[in-house]
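See structure below.
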Amino acid sequence: MPPPGLWRAGLRLSRGMSRCVLEPGPPGKRWLVAGLGNPGMPGTRHSVGMAVLGQLARRLGVAESWVRDRRCAADLALASLGDAQLVLLRPRRLMNANGRSVAQATELFGLTAQEVYLVHDELDKPLGKLALKLGGSARGHNGVRSCISCLNSSAMPRLRVGIGRPTHPDAVQAHVLGCFSPSEQELLPPLLERATDLLLDHIRERSQGPLPGS
């Protein structure tokens with residue numbers, strides 16, 4: 001645990017960061033992007049959504065700006081994308097409870113479910129494949145299911161990052177919780193770049209279009 005003074009400084013920074021974001025601005029120009037995963041388990045297939053968030057933060061120049069916010073049990077970083085404001089979120093709760101962090105941050109920043117992007121692993125797509133899905137069911141993903149339950153909505157856009165499905169059903173848990181193999185790790189840098197491109201292009205397009213829900 002950090003020293004009390006450091007904790008207080010971090011909390012003050014977190015509160016100040018939220019106040020800055022909540023200042024009046026162009027309506028419909030704020031988005032939350034949540035990388036789903038398990039805290040403390042970097043490099044695993046199940047936390048590839050958090051890896052995408054790391055690349056997104058580097059691209060936007062805020063990789064050193066992550067701040068822990070205890071109100072939503074998550075690490076947050078704020079970035080600008082043209083006239084839009086992006087709230088990047090990495091939950092500090094386990095995957096099955098990621099939705100609590102996402103819902104608390106959504107309320108904190110005054111957003112709707114349509115303004116929340118979920119980035120997560122996808123068993124039914126091979127590694128290297130990406131798909132942007134606009135709402136719908138959780139398709140068996142516990143992190144997405146948690147978000148749908150806590151937000152009481154299935155309208156969130158999701159960037160699904162393929163991790164491939166093992167041949168034997170009994171191997172699924174070990175597969176998703178395991179680390180990428182050396183050969184898979186070679187595919188990750190370009191995959192993270194393409195995932196970031198896809199997210200940013202989609203957010204730019206929506207920022208220029210009608211307000212969400214209109």
Treating Asn98 as the side-chain partner and Gly37 as the backbone partner, does any N or O pair qualify as donor plus acceptor under 3.5 Å? yes
Quick one: side chain to side chain donor-acceptor pair (under 3.5 Å) partners of His141, sequence neighbours excluded? Asp121
Under 3.5 Å, is there a donor-acceptor pair between the side chain of Arg194 and the main chain of Gly128? yes
Run the salt-bridge test on Lys129 and Glu122 with the 4.0 Å N-O cut-off and return the result as yes or no. no
With Asp124 as partner, the option from Arg160, Lys133, Arg165 fulfilling salt bridge (charged side-chain N to carboxylate O under 4.0 Å, His left out) is Arg165
Just checking, is any N or O donor in the side chain of Thr112 or Glu115 under 3.5 Å from an acceptor N or O on the other one? yes
May I ask you to check whether over 12 heavy atoms, not counting those of Gln185, lie within 6.0 Å of atom CD? yes
Pairwise side-chain contact, Leu60 with Leu200, heavy-atom cut-off 4.5 Å (strictly under): yes
Using side-chain contact (heavy atoms from CB on, under 4.5 Å), reason through Leu76 and Phe109 one step at a time and then give a plain yes or no. CA-CA 12 Å; Leu76 300 177; Phe109 291 100; 3.9 Å; yes
Under a 3.5 Å distance rule, please check whether Ser146 uses its side chain to pair with a backbone N or O of Asn96 as donor and acceptor. yes
With a sphere of 6.0 Å drawn around CG of Asp170, does it hold more than 12 non-hydrogen atoms of other residues, nucleotides or ligands? yes
Please check: side-chain N/O of Ser101 versus main-chain N/O of Ala73, any donor-acceptor pairing under 3.5 Å? yes
Main-chain N/O of Gly164 paired to His175 side chain as donor or acceptor, under 3.5 Å: yes
Decide whether Arg93 and Gln104 meet the rule of one side-chain donor and one side-chain acceptor closer than 3.5 Å. yes
Where do Pro157 and Val116 come nearest, in terms of heavy atoms and distance? CD-O, 3.0 Å
Check for me, please, whether Met50 and Leu192 land in the same ILVMFWY cluster - side-chain distances under 4.5 Å, paths through other members count. no
If you look at every heavy atom in Leu36 and Gly143, which pair is closest and at what distance? CD1-C, 3.8 Å
Could you state the interatomic distance from CG (Leu118) to CG (Leu159), rounded to the nearest 0.5 Å? 10.0 Å
Decide, yes or no, whether a salt bridge links Asp201 with Arg204 under the criterion of side-chain N to carboxylate O below 4.0 Å. yes
How long is the straight-line distance from CG of Leu86 back to CG of Leu32, given to the nearest 0.5 Å? 8.5 Å
How many angstroms lie between atom SG of Cys179 and atom CZ of Arg45, to the nearest 0.5 angstrom? 8.0 Å
Looking only at atom types and distance, does a side-chain atom of Ser181 sit under 3.5 Å from a main-chain N or O of Glu184, one as donor and one as acceptor? yes
Walk me through it: do Val144 and His120 pass the test side-chain contact (heavy atoms from CB on, under 4.5 Å)? CA-CA 8 Å; Val144 176; His120 62 89; 3.5 Å; yes
Heavy atoms only: give me the nearest Ser137-Ile148 pair and the separation to one decimal. C-CD1, 4.2 Å
Shortest non-hydrogen contact between Leu177 and Thr44, atoms and distance: O-CG2, 3.3 Å
Hydrophobic clusters here meaning ILVMFWY residues chained together by side-chain heavy-atom distances under 4.5 Å, can you tell me if Leu94 and Val102 are in one? no
Would you give the length of the straight line joining atom CD1 of Ile163 to atom CG of Leu191, rounded to the nearest 0.5 angstrom? 11.5 Å
CZ of Arg100 to SG of Cys147, rounded to nearest 0.5 Å, is 12.5 Å
Under a 4.5 Å cut-off applied to non-hydrogen side-chain atoms, are Leu199 and Val52 in contact? yes
Can a donor-acceptor pair be found, under 3.5 Å and without considering hydrogens, that links the side chain of Asp69 to the backbone of Ala74? no
Counting C-beta onward and ignoring hydrogens, is there a side-chain heavy-atom pair between Ser65 and Leu78 closer than 4.5 Å? no
Can you check whether Met156's main-chain N or O pairs, donor with acceptor, with Arg158's side chain at less than 3.5 Å? yes
Under a 4.0 Å N-O cut-off, is there an ion pair linking Arg59 with Glu193? yes
Quick one: does Tyr117's side chain get under 4.5 Å of His202's, heavy atoms only? yes
Heavy-atom closest contact (Arg145 atom, Gly140 atom, distance): NH2-CA, 3.6 Å
Atom CZ of Phe180 and atom CD of Glu186: how far apart are they, to the nearest 0.5 Å? 13.5 Å
Looking at every non-hydrogen atom in both residues, tell me the closest pair between Ala113 and Ser153 and how far apart they are. CB-OG, 3.4 Å
Salt bridge (charged side-chain N to carboxylate O under 4.0 Å, His left out) partner of Asp75, chosen from Arg92, Arg70, Arg68: Arg92
Check for me, please, whether Val33 and Val161 land in the same ILVMFWY cluster - side-chain distances under 4.5 Å, paths through other members count. yes
